[in-house]
Amino acid sequence: MSLADLAPLPLGGVDPLPKERIADLLVEAHERTRALVVDLREEQIDRPLSPIMSPLAWDLGHIAAFADLWLARALPGLRPLRPELFEVYDATETPRASRGGLPFLPSADALAYGRDVHARALAGLEDVDVSPSSDALNAHAFVWHLLIQHEHQHNETMLQAMQLADGELPAPALLSALTRPDALSSVTGPKTVAIEAGPALVGAGPGGFAYDNERPRHSVELGAYELDHEPVSNGAYLEFVEDGGYRRREWWSEEGWGWREREGAERPLFWTDDGRVRRFDRIEPLDPALPVTHVCWHEAEAFARAHGKRLPTEAEWEKAATWHPAAGRRLAWPWGDEPPTPERANLDGVAGGPAPAGARPDGESAVGALGLVGDVWEWTATEFRGYPGFRVFPYPEYSEIFFGTGLRVLRGGSWATRPTIARPTFRNWDLPNRRQLFVGFRCAREA
Ligand code: AVJ
Ligand code: FE
């Protein structure tokens, strides 16, 4: 089966998804995970590639253990295959930095464990009732989507670890379109879109899969605001650097300046001191039309301040991505209710990196913004917390334990995000000093 044949459709819409479709998604996720490491040497999979990331072999075993655990919880009478491994693969108990020292399975064993659990999942799915009247874990195929979403999120995490590996690892061969078509190149300049005052509907509605932190849908009153038409480009960010962006204290928050001084940061991660940029094992010219990538929240915030702007709140981001002012309703995606296509959004790893601003006019949102979904995750001003009326489901360690701990919300997905994850209600989060995500930003201001 080719990966292209299995390109996952986003979830949602049909609920519950037919079992054959769920099975396809499980197979696709499993094959993608294996394809990400297939060209690597065992030693590259087994050792930590960066102090802030897990070894790839840990991700492989963790994906399997997560599925092993939840299958046993969801299928009556099924005992986990390898419960003795659950502690080693518990993300809460073992922070990423210390995972290199854990007794996790080396790559060949981790892959074998993954294959065994995957076979169990496919067999278990056949007999289970996923209709809305089934038990809490199986109704609407919730737990099955949970396995897919989990593996898909780790697919992106694994790519982050590979990019962090000091230029030692090539991009996986499956990211085949590593050369971006020139025809896409365009710079649209510092345009903004205007969004009228009024309520924003934020969060996932009752149907389809969503994580607990995306619910419940609620209304947030917003004033009129302007949002950048597209993510901030390398060209604009380079001007900021050349204007002394990293030397002018007045553009930084106190916390941000502290970060800058401790790090000695002078430019985005992966920009070289001779003005180029590293992508996996290649050093390339800095393309001014591409969105700036691998900046932390503090850098994004300083850039915004230098331009008399600020970062958008997550409600502002979501309104710009989903609100159709003329129709007076919320859309599922920026461009409408249909799922992403390669013409609408740069997702799923296949482009090997972000696309130039303006490259995908078909992805325009109803308020006229581009690139909200795909290309780069976008930092928002908002701290990660539960929405009003939040209820944990099915476990607090997915999101609740992170609420109110200083993490910032990111929206929109990147070029490496699986389409199943890139829905506009999805909330990613990270520490404000982290730059390993495929992350950029756009600015906002009061109208
Ligand atoms: C939502 C991306 C922050 O990677 O820590 C994976 C997703 N949770 N396994 C993370 C997740 C459990 C999570 N993020
Ligand atoms: Fe995980």
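Counting starts at 1 for both ligands and their atoms, in listed order.
At the shortest separation from atom 13 (C) of ligand 1 among protein heavy atoms lies Gln153 OE1, 4.0 Å. What sits closest to atom 8 (N) of ligand 1 on the protein, heavy atoms only, is Tyr398 CE1, 3.5 Å.
The distance between the ring centers of Phe402 and Phe384 does not fall below 6.0 angstrom. Taking the six-membered ring wherever Trp is involved, the centroid distance between the rings of Phe393 and Phe142 falls below 6.0 Å.
Ring orientation note: the planes of Phe66 and Trp70 are tilted relative to one another, at an angle of 30° to 60°. Using bins of under 30°, 30° to 60° and over 60° for the plane-to-plane angle, the ring pair Trp252/Trp259 lands in the parallel bin. Relative ring orientation between Tyr237 and Tyr246 is described as perpendicular, the plane-to-plane angle rising above 60° on a 0-90° scale split at 30° and 60°. In this structure, Trp335 and Trp333 have parallel ring planes: the angle between them is below the 30° cut-off, well short of the 60° mark.
Considering each of Glu156, His150, Gln149, the one bringing a non-hydrogen atom nearest atom 12 (C) of ligand 1 is His150.
Every atom of ligand 1 is numbered from 1 in the order shown, and the set under 4.0 Å from a heavy atom of Asn428 is 1 (C), 2 (C), 3 (C), 14 (N). Within ligand 1, counting atoms from 1 as listed, the ones closer than 4.0 Å to a heavy atom of Arg96 are 4 (O).
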| message | Is there a side chain to side chain contact (heavy atoms under 4.5 Å, CB included) between His140 and His145? Walk through the geometry before answering. | response | CA-CA 9 Å; His140 303 278; His145 289 311; over 6 Å; no
| said: For Trp429 and Tyr398: C-alpha separation, side-chain torsions, deciding distance, then whether ring pair (Phe, Tyr, Trp, His ring centres under 6.0 Å) applies. | reply: CA-CA 11 Å; Trp429 63 88; Tyr398 181 76; 5.6 Å; yes
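Any protein N/O/S atom under 2.8 Å from the Fe ion (ligand 2) was counted, giving 3 altogether.
Backbone and side-chain nitrogen or oxygen atoms of His154 are examined, and one is located within less than 3.5 angstrom of a nitrogen or oxygen of ligand 1.
Looking only at distances, no side-chain donor or acceptor of Gln436 sits under 3.5 Å from a matching main-chain atom of Gln163.
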